[in-house]
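Notes to accompany the following structure.
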Amino acid sequence: MADGVSGKAFDLKLLAKILTYIKPYRFVFYGCFVLTLVLSGLSTARPILIQYTIDNFILVPNADSLLNFTLILLVLLVLEALVQFLFIFGANFLGQSIIRDLRIQLYQHILSFKLKYFDQTPIGTLVTRAVSDIETIADIFASGILVIFGDLLKIVVMVSAMFYFFDYRLVLISLSVVPVLYYATRLFQLKIKSSFQDVRTQVATLNAFVQEHISGMNVVQIFNREEAEMKSFKVNNDLHRQAHIRSIWYFSIFLPVIEIMSAISIGLVVWYGGLQAAGVSEKYSLQIWMHNFFNWAGDAPSRDITLGEITAIIIFVNMLFRPLRQLADRFNTLQMGMVSSERVFKVLDTKDRIEDKGNEELADVKGEIEFRNVTFGYLPDEPIIKNVSFKAEPGETLAIVGATGAGKSTLINLLGRFYEIWEGEILLDGVDIRKIKLSSLRENIAVVLQDVFLFSDSIKNNITLNKDISHEEVADAASFIGVNDFIESLPDQYNYNVQERGNMLSVGQRQLLSFLRAYVSNPSVLVLDEATSSIDTQSEQLIQKAIEKITEGRTSVIIAHRLATIKKAHKIIVMDHGQVVEVGTHDELLGKNGFYTRLYTMQFAQT
């Protein structure tokens, strides 16, 4: 799953797409917007009140008024803290609500993908998209766009207030470093975007590597690959580290630049304002240059600069540069969120899904299966199944045999519409399966796979898959097919947790549970994909007895290599290189002395 870099420092179209998820929570968003306006006003009022207090009640002592204005400032601080609390809570509530909806949409979309998509996409990459990438998107609202808007609004309000209340010369001097700061910020934005793209790519790669190799740890250890895999891990881990260091490098340069600009601004204000307040005439060349510049700029009235003004301007400079310093961090967060959202939307925009356009609901399924001239391949121009045709009558047991790679398991995947055929038709009870609703089709087909997947849950939940099936029904089904004794022997019986992928059970036990899971769903068509090829003889005997019961009156498709299964089939289809080469019963095919006979001689003669 390739992830390209858009090259834009800030993608407005992508942001607009993210903002569409605000709609259900628009009142929370509007509330946060109003709170930013209130915060801007409260923050701006403090330095102005401090300037007024210094000039009127400290330089000209007035204890009573000083106390009153101090109390007013205290009230403003408490009010600002309260509004800040409401804003932070609202922004985080908004972010978490949005990613909850987005994660549900993403997971639902992933569930609809064709199996081909999972064949080509590392599972760890999808885990990253569904978990960490979406979590990062929450920060767009909690620490990104709303906070950045609030900071920018504060800057506008404060600069406007500075020009309105204070000497324009001091204000211009305090803002003289802004052009340099603007250029530095734009450069930072451009550089940091590509570095964050690289960070998210390396996170996904590392997740995929770790997930894959932990899942396959038995293979790693069996073939003594620990040292080799450790080297591969170190390479991936080092790439991950380098990606992070590159983003930290840009960030660590940007912050000191802001600090230097802030120090220069305050220094100029203190120096020039102090000279003017002290009544020192143009003594220094820089002071003379500034005086001439202001005279050239216009005849705007210049008031006497007071100590209170200098103090207030210094406070304003700190308040202005604080959000500018934080903007680097905020922009860091916003860019990470934008990069993550770009990747999440790339998955959401993927249309690699089975089109469920069928509108027919199956009822009273007899189980007639027919393939008509079916051709299919996993890769373009590389067909695996070539013009295959066969038919299974209702209640028949149809066996499919052939060498590895002949296309046997592919036929099962096509029957359940996990892949779309290129040519031909597949019919169930005479109806093209593309005209049948996917849910209805798959409810009537149960599959027992050789590689059984069990969830980290109880045996009962793995059997029922959380369907509305009672414990009594499960126990009766287990007794019917002869696996109840095995389940009852476990510590917590049907509540026994099989752990991840059923690792607490043997291969044979997992296979038996898979068979029971298929049975309790009461399918019209039963599919056994090599279901008895990797279990012990005792477990096979249990399944053989159950097969005789469960296949009675039910169409069954069996892909197997063991003689007992093949001999009892009503019809055997022999495949070679994606084509049907022979059809008949066991005895009929042996009598032909053809491809099946050779397979029988090689695989079953000793048995």
Side-chain angles (χ1 to χ4, degrees), residues 31-90 147 149-178 259 262-280 294 300-327:
C32 291
F33 178 79
V34 171
L35 289 173
T36 59
L37 297 176
V38 176
L39 282 171
S40 299
L42 291 174
S43 300
T44 304
R46 276 191 289 119
I48 297 172
L49 285 174
I50 289 172
Q51 178 262 331
Y52 187 82
T53 302
I54 292 173
D55 288 343
N56 293 279
F57 309 127
I58 295 178
L59 296 180
V60 181
N62 187 331
D64 293 336
S65 297
L66 178 62
L67 177 61
N68 292 335
F69 270 78
T70 302
L71 291 175
I72 291 172
L73 281 170
L74 181 61
V75 171
L76 282 177
L77 285 171
V78 173
L79 183 59
E80 186 176 354
L82 177 61
V83 175
Q84 189 74 38
F85 161 75
L86 293 174
F87 173 78
I88 292 172
F89 181 82
V147 179
F149 172 77
D151 288 342
L152 292 175
L153 183 62
K154 282 182 185 179
I155 292 171
V156 172
V157 171
M158 286 190 289
V159 170
S160 301
M162 288 166 68
F163 276 109
Y164 184 80
F165 288 100
F166 307 124
D167 188 286
Y168 79 98
R169 294 171 298 176
L170 277 183
V171 177
L172 287 175
I173 289 171
S174 68
L175 300 178
S176 60
V177 298
V178 168
E259 291 291 344
S262 175
I264 292 174
S265 178
I266 292 174
L268 288 173
V269 167
V270 171
W271 176 74
Y272 184 81
L275 290 177
Q276 295 301 114
V280 178
F294 290 129
S302 299
R303 297 170 292 195
D304 291 335
I305 296 176
T306 66
L307 181 61
E309 277 190 280
I310 296 173
T311 304
I313 290 290
I314 292 172
I315 295 173
F316 265 125
V317 168
N318 281 319
M319 291 176 66
L320 281 170
F321 280 87
R322 186 186 309 133
L324 286 173
R325 282 194 299 269
Q326 292 174 343
L327 273 175

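Applying the side chain to side chain donor-acceptor pair (under 3.5 Å) rule to pairs touching residues 32-42 yields nothing, sequence neighbours excluded. For residues 153-166, there are no salt bridge (charged side-chain N to carboxylate O under 4.0 Å, His left out) pairs, not counting sequence neighbours.
Qualifying side-chain hydrogen bond (donor to acceptor under 3.5 Å, both in side chains) partners for Asp55, counting only residues two or more places apart in sequence or in other chains: Gln51, Thr306. Applying the side chain to side chain contact (heavy atoms under 4.5 Å, CB included) criterion to Ile315, with sequence neighbours excluded, gives Pro47, Ile50, Thr311, Met319. Scored by the ring pair (Phe, Tyr, Trp, His ring centres under 6.0 Å) test, Phe89 finds no partners at all (sequence neighbours excluded). Qualifying side chain to side chain contact (heavy atoms under 4.5 Å, CB included) partners for Thr44, counting only residues two or more places apart in sequence or in other chains: Ile48, Val157, Met158, Ala161, Phe316. The ring pair (Phe, Tyr, Trp, His ring centres under 6.0 Å) test applied to Phe57 returns Tyr52, Phe69, not counting sequence neighbours. For the side chain to side chain contact (heavy atoms under 4.5 Å, CB included) test, residues two or more places apart in sequence or in another chain that qualify with Val317 are Ser174, Ser262, Ser265, Ile266, Ile313, Phe321.
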Can you give the donor-acceptor pairs under 3.5 Å from side chains of residues 70-85 to other protein atoms, not counting sequence neighbours?
{"unit_1": "Thr70", "atom_1": "OG1", "unit_2": "Leu66", "atom_2": "O", "d": "2.6"}
{"unit_1": "Glu80", "atom_1": "OE1", "unit_2": "Arg46", "atom_2": "NE", "d": "3.0"}
{"unit_1": "Glu80", "atom_1": "OE2", "unit_2": "Ser43", "atom_2": "OG", "d": "3.0"}

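Looking at Leu320 and Leu175, their side chains come closer than 4.5 Å, going by heavy atoms from C-beta outward.
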